[in-house]
Amino acid sequence: MLIRALQYVQSASSSRSFSSNALVEAIKHVEIGILSGNYQEHIHRRGFSSPCAGNMCTVAFISTSTKKGLTTSAFEAFSKLEIFGDSKEGNGSCTIQEKDYLRESQNSKAGLYILDLIDQGSIKPGYTLYNKLLKKCTQLGKLREGRMVHEHFLKSKLNFDLFTLNTIINMYTKCGNLDDAKKIFDEMPCRDMVTWTALITGYSQNGRPEEALALFPQMIKVGLEPNQFTFASLLKASGSAATDKPGRQVHGFVVKCGYSSDVYVASSLVDTYARFDRIKEAQLVFDRMLRKNEVSWNALIAFYARKGEGGDALKMFWRMQSEGFKPTHFTYASVFKACASTESLEQGKWVHAHMLKSGGKLIAFAGNTLLDMYAKAGSIEDARKIFDRLENRDVVSWNSMLTGFAQHGQAREAAERFEEMLKIGVLPNFITFLCVLTACSHGGLVNEGLYYYELMKKYNVEPHVDHYVTKVDLLGRAGLLNEAVDVIKEMPIEPTSAIWGALLSACSMHKNTELGIFAGERCIELNPTDSGPHMILSNIYASVGRLSDVARVRKRMREIGLKKEPGISWVKTGNTDHVFVANDDAHPLNVEIRKMWGKVSEKIKQAGYVPDTSHVLVFTDQQEREARLQVHRS
DNA sequence: GTAGGGTTAG
């Protein structure tokens, strides 16, 4: 009977004429037969075409077993239920009919079938049931369903229960609804340490560190002592505070309350100190840890990666393993970033191989950084390969791929990928638009860029000042200087130095002296410490022979204490880095290199390169002017 | 019932 019923569901779900009615019929059959055998095993052995079919049976199973009073079996099945929302819809493993079924069941709260059963009187609810339901909603991040359970609990005849309310607060914070969590917190007649910790954690995990930290003194005031959970969250919040002061204060309490040797608390301390560049303190806490784990190492490795200290990051990566710790996705993500920032592709390849060898899957978490590493190191082909091989792709994977194309001047590719991501339903964020706009700007795709800019509205992405900078850059590079000025005039926020900087570069490129001077002066007013705009402005003055203005700009730079950073080039051959600094003839093969450069430079000229020497005024001799442009000189 | 570590742009 059971087998026949399962066959019925299976064939119904794979048949073209499958409909909701057929499903209801099928479920009835399953309901009749399901208790006569081992349900889970049968589901497993039948090997359903998709998890949705299994879900349909699970719903039937819950219904049948609760009717028979087998609540434990119902709970067990419920914990495996994946019918909440659309988790399976997203990866395309559903048939169209199954999608309809999922949608229907959502509307008729089939995901919370069990609540209907309570209303019908088939099942008597208790705190345990509500807590299980809330936990499930929390795990799946289902706010709507969680709220339904919360409301159902309020309507029940059950008394106030601290444990359940803490669970509800946690459900709201994990689903990102801090306002409701705070409301419940405020209305509670009594709170314990878990209540406070749940709210502190909520603020800390949702990027509201100030509010998390503000709760700490209040908690102390009512006489509750924080535990290791509280401290871990407080330290995370301290890590994104404006100064290191909160972190130090919390550290004091950690010592006072005796949690210094807790591995969660100590790892958080390492991370917090590292975020304020207090590497000595971070290292000290780390060294004194009696027990370490992967997270302790990752906190330190992430610090070196952020600082661009690739060598140190790699050293720690090998050391953690020699001390018996296995790298995690966090570790790989940091190490790849470290390799990307030091452009040590060879080392990065080693670590990549290491990850493959240790059986690590290529998931977006670490894969995104690996993709970025290859793109930054110059191998767009490898970056693309990584993208194709990713087990899962999130918006960052797409952004990184777009950036890769933009960095390699492949604007068309970037635009195509962008269209593709929209087509398959990946929601672009503000960074996505920056990536695709930058690609268009660098590739001269003005119309496409303007179109994508307008598209931001459709995706509810509010233009940030950086988007305006990119738009000015897009128009400016293409020589549409008046249009670029219109953007600046019409933007709803005050132009920043970056905005004027973009216009300045465009004017320099297209030789609009008057506008360039205006933009340059505005840019320098707003950010006097960047040497770049001073140099461009000076060059613009030079190009029209306004030598006294050149002198004035140079004098102003000296007064501010600015020096133009010398131009530096690197060439890597084998394991040796050859560094060339402006005005530096120190390389042992200097003579040979210059001879070779002469030949290359001749070829470039033959290919049609015309050096722009207009701003190199100090030398009257044309040959000397050209030479100034071709090698590093100040 | 409450906890810590990662990535994309500029």
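Since the structure is predicted, the reported quantities are computational estimates derived from the model, not experimental observations. Here is the naming used below: chain letters follow the sequence lines, and residue numbers restart at 1 for every chain.
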### Task
Under 4.0 Å between any heavy atoms, over every strand shown, what does A:Val265 touch: base, sugar-phosphate, or nothing? Just pick one.
nothing

### Salt-bridge present (A:Arg319, A:Glu323; N to O < 4.0 Å)
yes

### A:Arg393 side-chain N/O to B:dT8 phosphate OP1/OP2 under 4.0 Å
no

### Message
What contact category does A:Phe430 fall into here, base, sugar-phosphate, or nothing, at under 4.0 angstrom with non-hydrogen atoms?
### Response
base

### Task
Mind checking A:Glu294 for me? I need base, sugar-phosphate or nothing, with any heavy atom below 4.0 Å counting as a touch.
base

### Message
Using a heavy-atom cut-off of 4.0 Å across all strands, would you classify A:Ala299 as base, sugar-phosphate, or nothing?
### Response
nothing

### Message
OP1 or OP2 of B:dT7 versus the side-chain N and O atoms of A:Arg306: is any pair under 4.0 Å?
### Response
no

### Message
Does A:Thr195 form a side-chain hydrogen bond (donor to acceptor under 3.5 Å, both in side chains) with A:Asp192? I'd like the steps, not just the answer.
### Response
CA-CA 5 Å; A:Thr195 322; A:Asp192 67 358; 2.8 Å; yes

### Query
Any Lys/Arg nitrogen of A:Asp180 or A:Arg147 sitting under 4.0 Å from an Asp/Glu carboxylate oxygen of the other?
yes

### Query
Which residues within residues 226-250 of chain A lie with some heavy atom under 4.0 Å of an atom in DNA chain B?
A:Asn227, A:Gln228, A:Phe229, A:Ala232, A:Ser233, A:Lys236

## Note on the structure
Among B:dA9, B:dT8, B:dT2, the one nearest any side-chain atom of A:Thr197 is B:dT2

### Task
Select base, sugar-phosphate, or nothing to describe what A:Arg191 touches, counting heavy atoms under 4.0 Å on all strands.
nothing

#### Entry: Length of the NE2-C1' vector between A:His352 and B:dT7, whole Å
15 Å

### Query
Is A:Glu381 salt-bridged to A:Arg384, cutoff N-O under 4.0 Å?
no

### Message
How many whole angstroms separate atom CE of A:Met316 from atom P of B:dG5?
### Response
17 Å

### Of the listed nucleotides B:dG4, B:dG5, B:dG6, the one nearest the side chain of A:Thr328
B:dG5

### Query
Hey, does A:Asp394 reach any base, or is it just sugar-phosphate, or nothing, if we go heavy atoms under 4.0 Å?
nothing

#### Entry: Electrostatic pair A:Arg208:A:Glu211 at N-O distance under 4.0 angstrom
yes

### Task
Mind calculating the distance between NZ (A:Lys292) and C1' (B:dG5) to the nearest angstrom?
16 Å

#### Entry: Among B:dG4, B:dG5, B:dG10, the nucleotide that comes nearest once only the side chain of A:Asp466 is considered
B:dG10

### Message
Taking any heavy-atom pair under 4.0 Å as a contact, classify A:Asp192: base, sugar-phosphate, or nothing.
### Response
base

### Query
Could you state the CZ-P distance from A:Phe365 to B:dT8, rounded to the nearest angstrom?
12 Å

### Query
Are A:Phe330 and the base of B:dG5 stacked, counting only ring centres nearer than 5.5 Å and planes tilted under 30°?
yes

### Task
Mark yes or no for a side-chain to base donor-acceptor pair under 3.5 Å between A:Asn293 and B:dG4, with no hydrogen or angle criteria applied.
yes

### Message
Taking 5.5 Å and 30° as the limits, would you call A:Trp297 and the base of B:dG5 a stacked pair?
### Response
no

### Summary
Closest to the side chain of A:Ser267, out of B:dG4, B:dT8, B:dA9, is B:dG4

### Task
Grab the CG-C1' distance between A:Asn206 and B:dT2 for me, whole Å please.
14 Å

### Task
May I have the distance from A:Met320 (atom CE) to B:dG6 (atom C1'), rounded to whole angstrom?
13 Å

### Task
Run through A:Thr138, A:Leu154, A:Leu134 and flag the one making a side-chain contact (heavy atoms from CB on, under 4.5 Å) with A:Ile168.
A:Leu134

### Summary
Among the nucleotides B:dG6, B:dA9, B:dA3, whichever has the atom closest to the side chain of A:Thr201 is B:dA3

### Task
Let me know the distance between CG of A:Leu371 and P of B:dT8, rounded to the nearest Å.
11 Å

### Carboxylate-amine/guanidinium proximity below 4.0 Å for A:Asp186 and A:Lys182
yes

### Atom pair distance, as rounded to whole Å: CZ in A:Phe303 and P in B:dG6
13 Å

### Message
Tell me the closest heavy-atom pair linking A:Ala364 and A:Asp394, and the distance in Å.
### Response
CB-OD2, 3.8 Å

### Pair A:Ser296-A:Val263, side chain to side chain contact (heavy atoms under 4.5 Å, CB included): steps then yes or no
CA-CA 8 Å; A:Ser296 334; A:Val263 69; 4.1 Å; yes

### Task
Would you tell me if any nitrogen or oxygen in the side chain of A:Lys135 comes within less than 4.0 Å of OP1 or OP2 on B:dT2?
no

### Query
Can you tell me if the side-chain N/O atoms of A:Ser268 get under 4.0 Å from OP1 or OP2 in B:dA3?
no

### Query
So, is A:Asn399 close to the B:dA9 phosphate, meaning a side-chain N or O under 4.0 Å from OP1 or OP2?
no

